[in-house]
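Quick notes on the structure that follows.
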Amino acid sequence: MHVIQRGNNRQACFFSDDDYRCYLEWLGDASRDTGCSIHAYVLMTNHVHLLLSAHDAGGVGDMMKALGQRYVQYVNRVYARSGTLWEGRYRSCLVQHDRYLLTCMRYIELNPVRAGMVDHPGAYRWSSYRGNAQGEADELIQPHAVFTALAPDPRARAERYRALFQNALAPGEVDQIRAATNGNYALGNDRFAAQLASALGRRVTPGRAGRPPKHPDVPASRDLFESE
């Protein structure tokens, strides 16, 4: 699942290095408590990107609720403020792991480069790039099987992953990820979208609203969620 949570009215939600550190520490706590595995992340000034898997359908919601409440309480206390920090509920999309997971990882870790904050993703401190691509220790990251399949040796795996960054993401790929996440649509091919639509009983691509028919060969939505 690709998750985005933004600051209210796109205002800042991180104000110091300690804020980033606290968020990452509490993200680790919340992910372990709710059975979620973090594969990639980036903390930007006014929003957060996460790529994760959950063991059950309620895991992501429970994690984001616990993490969000804890962090808001911290910010309000430290900065003597009150009121909401986040822009409503987080946005998300289910990701077809065998085709789009590595692309989504690159999209997340390249955010600071696209924003003009750094020239190279390794120069940004608050992302998973250094752990995934440079082999630095990062206790928060739990590699996905698609990532580990790049190479059996961690050093070779990081090298192959870095090689994926030699070419920028195509504009169409960036637009597809943004549209899927902001619209809570499926990020995958047509077959993946059709399976999800049938299992979840709602459309998962832009278009005319309607309840698609169930198909007996399509697994339950819980099973689909767990497979991602």
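- With ring centers used as reference points, Y129 lies 6.0 Å or more from Y124.
- In this structure, the ring of Y107 has its center less than 6.0 angstrom from the ring center of H49.
- The existence of a salt bridge linking D62 and K65 is excluded, since no basic side-chain nitrogen approaches an acidic carboxylate oxygen closer than 4.0 Å.
- Residues F192 and Y100 place their aromatic rings such that the two centres sit no closer than 6.0 Å.
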Practice prompt. Apply side-chain contact (heavy atoms from CB on, under 4.5 Å) to the pair M63 and L50, showing each step before the final yes or no.
Written response: CA-CA 12 Å; M63 186 195 80; L50 305 173; 3.9 Å; yes
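- Between the side chain of S128 and the backbone N or O of Y41, at least one donor-acceptor pair lies under 3.5 Å.
- By the 30° and 60° cut-offs, the orientation of the rings of H144 relative to H39 is perpendicular.
- For the atom pair CG (N132) and CZ (R106), the distance works out to 13.0 Å, reported to the nearest 0.5 Å.
- Side-chain N or O atoms of R155 include none that pairs as donor or acceptor with a backbone N or O of G135 at under 3.5 Å.
- Following chains of ILVMFWY side-chain contacts shorter than 4.5 Å, one cannot reach Y23 starting from I4, and the two form parts of different hydrophobic clusters.
- Ring orientation note: the planes of W86 and Y71 are tilted relative to one another, at an angle of 30° to 60°.
- The six-membered or imidazole ring of F14 lies away from that of W126, with a centre-to-centre distance of 6.0 Å or more.
- Here the side chain of N46 pairs no donor or acceptor atom with the backbone of G7 at under 3.5 angstrom.
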